[in-house]
J.: 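Sharing a structure, written as structure tokens. Questions coming.
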Amino acid sequence: MTARIINGRAIADAMQEEMQEETHQLVDKKKFPPGLAVILVGENPASQVYVRMKRKACEKIGIYAKQILLSGAIKEEELKDVIRQLNNDNKIHAILVQLPLPEHINARSVIETIDVRKDVDGLHSVNLGNLLLGIPKFIPCTPLGIMELFKREKIELKGKRAVVVGRSNMVGKPMAILMMHNHATVTICHTRTVDLPSVTREADIIIAAAGKAYMITGDMIKDQAVVIDVGTNRLEGKLVGDVDFKAVSQKASFITPVPGGVGPMTVTMLLANTIKAYKEQVK
Ligand code: GUN
């Protein structure tokens with residue numbers, strides 16, 4: 001048996017078409033579009049690619065995207081001043097600071113500067129805290145996109161054993177919380193986990209978000225597992241996931257490809273969160 005390949009690109013395109021319709025209606029009614037500010041500090045090539053994709057997706061569906069490119073040598077306080085200005089800008093309803101930031105900047109402190117109502121990445125402590133409490137406002141885009149894939153592919157979480165590999169604030173932790181709230185039994189694994197394969201082999205659902213190319217191999221999964229690959233690793237100029245797709249797709253029931261799986265959904269959820277922020281700010 002080979003796995004069903006979840007076409008994130010097609011699902012994202014369908015959702016974006018619906019959102020385009022919605023933004024057109026909103027612009028008709030309110031006379032101005034939702035506005036997203038994307039801040040990029042420095043010249044990380046991968047970040048430049050992500051920011052360009054986000055801007056293009058905004059333009060496609062009628063969201064005003066303001067791109068703010070700042071020197072990698074910027075002082076933390078100057079960056080926070082830029083964010084404070086955007087917090088007070090009524091054309092901007094959503095703010096995203098592309099991560100990672102240069103090492104001399106405290107990313108946590110910068111994120112806390114974003115107005116909670118404009119924090120469409122869902123990374124502010126108030127948004128992460130509300131997610132933990134089960135009263136979410138803005139949920140980080142990648143886990144939110146994966147939940148949408150589960151819904152559209154009718155993948156049930158209730159009673160399932162889910163294993164998340166990776167414990168980042170942006171993916172691993174919020175993903176685990178969301179699946180727990182949907183009644184899965186969740187285990188989080190990380191770099192210090194002893195005997196990772198023995199844990200992943202118990203999983204009905206695996207979320208691979210470790211940032212290590214091809215680390216989830218065929219022998220690490222059980223038959224008919226659902227495998228979601230969040231990896232975006234560059235290997236010899238190619239984008240590859242955290243999952244050995246060829247081997248794992250022979251055993252899994254569902255699998256997401258890289259590219260064309262989770263990535264397009266992350267961008268789409270950013271658009272969804274931006275429209276949500278606009279609707280809450282513009283009455
Ligand atoms: N860097 C990689 N992915 C993301 C993301 O979803 N949001 C932000 N802010 N930075 C990222």
Side-chain angles (χ1 to χ4, degrees), residues 4-40 46-68 91-99 117-123 127 136-155 170-171 174-175 178 207 209 228-232 239 241 254-282:
R4 175 178 159 80
I5 298 169
I6 300 176
N7 190 341
R9 179 74 267 162
I11 294 172
D13 285 346
M15 292 184 74
Q16 289 184 21
E17 234 167 81
E18 286 168 25
M19 286 179 202
Q20 185 176 38
E21 182 66 33
E22 187 176 10
T23 47
H24 287 172
Q25 282 173 11
L26 287 168
V27 173
D28 272 352
K29 212 155 78 188
K30 309 284 185 190
K31 309 297 175 207
F32 59 93
L36 167 70
V38 178
I39 301 173
L40 176 59
S47 291
Q48 287 171 333
V49 172
Y50 294 139
V51 165
R52 181 161 12 99
M53 288 191 312
K54 289 169 185 177
R55 183 170 49 79
K56 281 190 159 173
C58 283
E59 285 165 0
K60 189 174 126 196
I61 74 153
I63 290 175
Y64 163 59
K66 182 177 176 134
Q67 190 171 299
I68 297 160
K91 285 196 204 66
I92 296 297
H93 312 95
I95 301 169
L96 179 149
V97 179
Q98 187 65 27
L99 301 174
R117 296 166 308 165
K118 298 190 179 187
D119 171 40
V120 283
D121 249 342
L123 295 177
N127 280 317
K137 269 270 163 62
F138 290 113
I139 296 172
C141 300
T142 299
L144 186 58
I146 293 169
M147 294 306 289
E148 192 63 38
L149 291 178
F150 288 149
K151 209 185 299 171
R152 295 196 176 228
E153 295 289 330
K154 300 192 169 54
I155 294 166
M170 199 149 50
V171 182
M175 190 72 239
L178 283 167
I207 311 288
I228 305 295
D229 191 349
V230 184
T232 53
L239 183 68
F254 289 85
I255 190 167
T256 60
V258 175
V262 172
M265 293 302 289
T266 297
V267 175
T268 305
M269 293 305 119
L270 174 65
L271 305 176
N273 278 348
T274 299
I275 294 171
K276 181 179 157 115
Y278 173 90
K279 288 203 277 195
E280 276 165 18
Q281 287 164 57
V282 182

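One is the number of the first residue; the rest follow in order along the sequence. As the structure is a prediction and not an experimental result, all values here were calculated from the model.
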J.: Answer yes or no: is there an ion pair linking Lys56 with Glu59, defined by an N-O contact shorter than 4.0 Å?
T.: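 Result for this pair is no, no salt bridge flagged.
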J.: Ile11 versus Leu149: any side-chain heavy-atom pair under 4.5 Å?
T.: yes
J.: Considering all heavy atoms of both residues, which atom of Met265 and which atom of Gly145 are nearest to each other, and what is their separation?
T.: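 In terms of heavy atoms, the two residues are closest at CE-O, 3.7 Å.
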J.: Please identify each residue that fulfils side chain to side chain donor-acceptor pair (under 3.5 Å) with Gln16, with sequence neighbours left out.
T.: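 Gln16: side chain to side chain donor-acceptor pair (under 3.5 Å) contacts with Lys60, Thr268.
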J.: Please test Ile146 against Met175 for side-chain contact (heavy atoms from CB on, under 4.5 Å), starting from the C-alpha separation and ending with a verdict.
T.: CA-CA 8 Å; Ile146 293 169; Met175 190 72 239; 3.7 Å; yes
J.: Applying side chain to side chain donor-acceptor pair (under 3.5 Å), name anything that partners Lys118, two or more places apart in sequence or on another chain.
T.: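 Scan of Lys118 (side chain to side chain donor-acceptor pair (under 3.5 Å), adjacent residues dropped) gives none.
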J.: Keeping the roles fixed (side chain from Asp121, backbone from Leu123), state whether a donor-acceptor pair exists under 3.5 Å.
T.: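 No.
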J.: Do you know the tightest heavy-atom contact between Val171 and Val230?
T.: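 Closest approach of Val171 to Val230, heavy atoms only: CG1-CG1, 4.0 Å.
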J.: Between Ile275 and Thr23, does a side-chain contact (heavy atoms from CB on, under 4.5 Å) hold up when you go through it step by step?
T.: CA-CA 8 Å; Ile275 294 171; Thr23 47; 3.7 Å; yes
J.: With sequence neighbours left out, write down each residue that passes side chain to side chain donor-acceptor pair (under 3.5 Å) with Asp119, or none if nothing qualifies.
T.: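 Side chain to side chain donor-acceptor pair (under 3.5 Å) check on Asp119 returns Asn127.
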J.: When rounded to the nearest 0.5 angstrom, what is the spacing between CG in Leu40 and OG in Ser47?
T.: 6.0 Å
J.: Assess whether side-chain contact (heavy atoms from CB on, under 4.5 Å) is satisfied between Lys66 and Ile92, documenting all intermediate values.
T.: CA-CA 8 Å; Lys66 182 177 176 134; Ile92 296 297; 4.1 Å; yes
J.: What's the spacing between Met19 CE and Thr274 OG1 if we round to 0.5 Å?
T.: 9.5 Å
J.: Rounded to the nearest 0.5 Å, how far apart are CD1 of Ile95 and CZ of Arg117?
T.: 10.0 Å
J.: Locate the shortest heavy-atom distance separating Pro34 from Ile63; write the atom from each residue and the value.
T.: O-CG2, 3.5 Å
J.: Flag yes if more than 12 heavy atoms outside Arg9 fall under 6.0 Å of its CZ atom; otherwise flag no.
T.: yes
J.: Going by side chain to side chain donor-acceptor pair (under 3.5 Å), name the residues that satisfy it together with Glu17, two or more places apart in sequence or in a different chain.
T.: none
J.: Tell me if the NZ atom of Lys91 is crowded by more than 12 foreign heavy atoms within 6.0 Å.
T.: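 Not more than 12 within 6.0 Å, no.
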J.: Does Asn273 reach the side chain of Leu144, with side-chain heavy atoms less than 4.5 Å apart?
T.: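 Yes, close enough: below the 4.5 Å cut-off.
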J.: Quick one: does any side-chain atom of Gln20 pair with a main-chain N or O of Gly62 as donor and acceptor, under 3.5 Å?
T.: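 Absent.
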J.: What residue pairs, at least two apart or across chains, pass salt bridge (Lys or Arg N to Asp or Glu O under 4.0 Å) with a residue in residues 265-281?
T.: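 Residue pairs passing salt bridge (Lys or Arg N to Asp or Glu O under 4.0 Å), neighbours aside: Glu22-Lys279.
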J.: Kindly indicate whether the side chain of Ile228, heavy atoms from C-beta on, has any atom under 4.5 Å from the side chain of Ile6.
T.: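 Yes. Closest side-chain heavy atoms under 4.5 Å.
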J.: Find out whether Ile207 and Asp229 are in side-chain contact, i.e. whether some heavy atom of one side chain is under 4.5 Å from a heavy atom of the other.
T.: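 No. Closest side-chain heavy atoms not under 4.5 Å.
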J.: What are the two closest non-hydrogen atoms of Thr256 and Val262, and how far apart are they?
T.: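 Thr256 and Val262 have their closest heavy atoms at OG1-CG2, 4.1 Å.
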J.: Within the distance-only criterion (no hydrogens, no angle test), does the side chain of Lys31 pair as donor or acceptor with the backbone N or O of Asp28 below 3.5 angstrom?
T.: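 Side chain of Lys31 to backbone of Asp28: a pair is present.
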J.: If you take all heavy atoms of Glu153 and Phe254, which pair is closest and at what distance?
T.: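 It is OE1-CE2, 3.6 Å.
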J.: Might you work through the side-chain contact (heavy atoms from CB on, under 4.5 Å) test for Glu148 and Lys151, ending with a clear yes or no?
T.: CA-CA 5 Å; Glu148 192 63 38; Lys151 209 185 299 171; 3.6 Å; yes
J.: Kindly compute the distance separating CD1 (Ile61) from NE2 (His24), expressed to the nearest 0.5 Å.
T.: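 One finds 8.5 Å between CD1 of Ile61 and NE2 of His24.
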J.: Rounded to the nearest 0.5 Å, what's the gap from SG on Cys141 to CG on Leu271? Could you check?
T.: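 Atom-to-atom, Cys141:SG and Leu271:CG are 8.5 Å apart.
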J.: Do you know which of Lys54, Arg52, Arg55 makes side chain to side chain donor-acceptor pair (under 3.5 Å) with Gln67?
T.: Arg55
J.: Can Thr232 and Tyr50 be said to form a side chain to side chain donor-acceptor pair (under 3.5 Å), step by step?
T.: CA-CA 11 Å; Thr232 53; Tyr50 294 139; 3.1 Å; yes
J.: Tell me the closest heavy-atom pair linking Ala277 and Val120, and the distance in Å.
T.: CB-CG1, 4.1 Å
J.: Can you list everything that forms a ring pair (Phe, Tyr, Trp, His ring centres under 6.0 Å) with Tyr278? Sequence neighbours excluded, please.
T.: Phe32, His93
